[in-house]
Amino acid sequence: MGTQPNHSESFNRQVTGLIAEISTLCTLINFHTEYACFLRIEAHVSRIQVRICKDKIYEYNTTIANSEFYYSETIYSEEEIIKELTGMKLSLKKILHDRKIDYSQLDYSEHTEIIREYKLYPSQDFKVKP
């Protein structure tokens, strides 16, 4: 896709926040409904996909809703990106609302944490190739 254009800090925060909300809502759908909600984010190509299947056990391959979107400004305007991601979020909220699942207490506030030290503790299965 090439070099990404510079965005306003506000736009970056909006997109990041919407993707975080979509992720949280997908998780709540998995926790509190019969549906299997699959979320795929490919940040390196600015792509998000949400797929909802009939249930988690027998019909997890029966797709009842699918939405896929490239949130790249080389394809769409900032306004179109915000509109599409907001639409995804509202569709997921509707599923929870229709099942009377309270999602109103979710905290979408921005949190900044400074990490001063980073350590990798590999599991036994994790091997670094020379």
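Keep in mind that this is a model prediction, so the values were computed, not measured.
Using a 4.5 Å cut-off between side-chain heavy atoms of Ile, Leu, Val, Met, Phe, Trp and Tyr, with links allowed through other members, Phe11 and Ile41 fall into the same hydrophobic cluster. Note on Ile52 and Tyr58: separate hydrophobic clusters, where clusters join Ile, Leu, Val, Met, Phe, Trp and Tyr whose side-chain heavy atoms are under 4.5 Å apart, directly or indirectly. Neither Leu28 nor Tyr60 shares a network with the other; the hydrophobic side chains, linked directly or stepwise wherever heavy atoms of I, L, V, M, F, W or Y lie under 4.5 Å apart, form separate groups for each. Placement of Ile57 and Phe31 in two distinct hydrophobic clusters is found when ILVMFWY residues are connected by side-chain heavy-atom separations under 4.5 Å, directly or transitively. A continuous path of ILVMFWY side-chain contacts below 4.5 Å connects Ile64 to Leu92, so both sit in one hydrophobic cluster.
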(message) Is there a side-chain contact (heavy atoms from CB on, under 4.5 Å) between Glu42 and Gln49? Walk through the geometry before answering.
(response) CA-CA 9 Å; Glu42 297 173 356; Gln49 178 187 23; over 6 Å; no

(request) Starting from the C-alpha separation in whole Å, work towards a yes-or-no answer on ring pair (Phe, Tyr, Trp, His ring centres under 6.0 Å) for Tyr76 and Phe69. (result) CA-CA 10 Å; Tyr76 300 102; Phe69 182 67; 4.8 Å; yes

(message) Assess the residue pair Ile48 and Glu68 against the criterion (side-chain contact (heavy atoms from CB on, under 4.5 Å)); give the C-alpha distance rounded to whole Å, side-chain angles, the decisive distance to 0.1 Å, and a yes or no.
(response) CA-CA 6 Å; Ile48 185 169; Glu68 171 179 352; over 6 Å; no

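A distance-only check finds no donor-acceptor pair linking the side chain of Glu84 to the backbone of Ile81 [under 3.5 Å]. Between the side chain of Ser23 and the backbone N or O of Ile19 there is no donor-acceptor pair closer than 3.5 Å.
In this structure, Thr16 and Asn12 approach most closely via the heavy-atom pair OG1-O, 2.8 Å. Residues Cys53 and Phe38 come closest through the heavy atom pair SG-CE1, 3.7 Å.
In the model, Thr33 has no side-chain atom that pairs as donor or acceptor with a side-chain atom of Arg99 under 3.5 Å. Between the side chains of Ser72 and Thr74, at least one donor N or O sits under 3.5 Å from an acceptor N or O. Side chains of Glu21 and Thr24: a donor-acceptor N/O pair is absent below 3.5 angstrom, by distance only.
In this structure, the separation between OG on Ser46 and OH on Tyr70 is 10.0 Å, given to the nearest 0.5 Å. Distance CG/Leu25 to CG/Asn30: 11.5 Å, rounded to 0.5 Å. Note that CG of Leu39 is 7.5 Å distant from OG1 of Thr27, once rounded to the nearest 0.5 Å. One finds the CE atom of Met88 at 5.5 Å from the CD1 atom of Ile22 (value rounded to the nearest 0.5 Å). Rounded to the nearest 0.5 Å, atoms CD1 (Ile75) and CD (Glu73) are 9.0 Å apart. With rounding to the nearest 0.5 angstrom, the CD1 atom of Ile82 is 5.5 Å from the CG atom of Leu18.
Contact check for Asp55 versus Tyr35: no side-chain heavy atoms found under the 4.5 Å cut-off. Using a 4.5 Å heavy-atom cutoff, the side chains of Ile29 and Leu96 are in contact.
We find that Glu78 and Lys83 are not joined by a salt bridge, their nearest charged nitrogen and carboxylate oxygen being 4.0 Å or further apart. Contact check on Glu34 versus Lys56 returns no salt bridge, with no Lys/Arg side-chain nitrogen under 4.0 Å from an Asp/Glu carboxylate oxygen.
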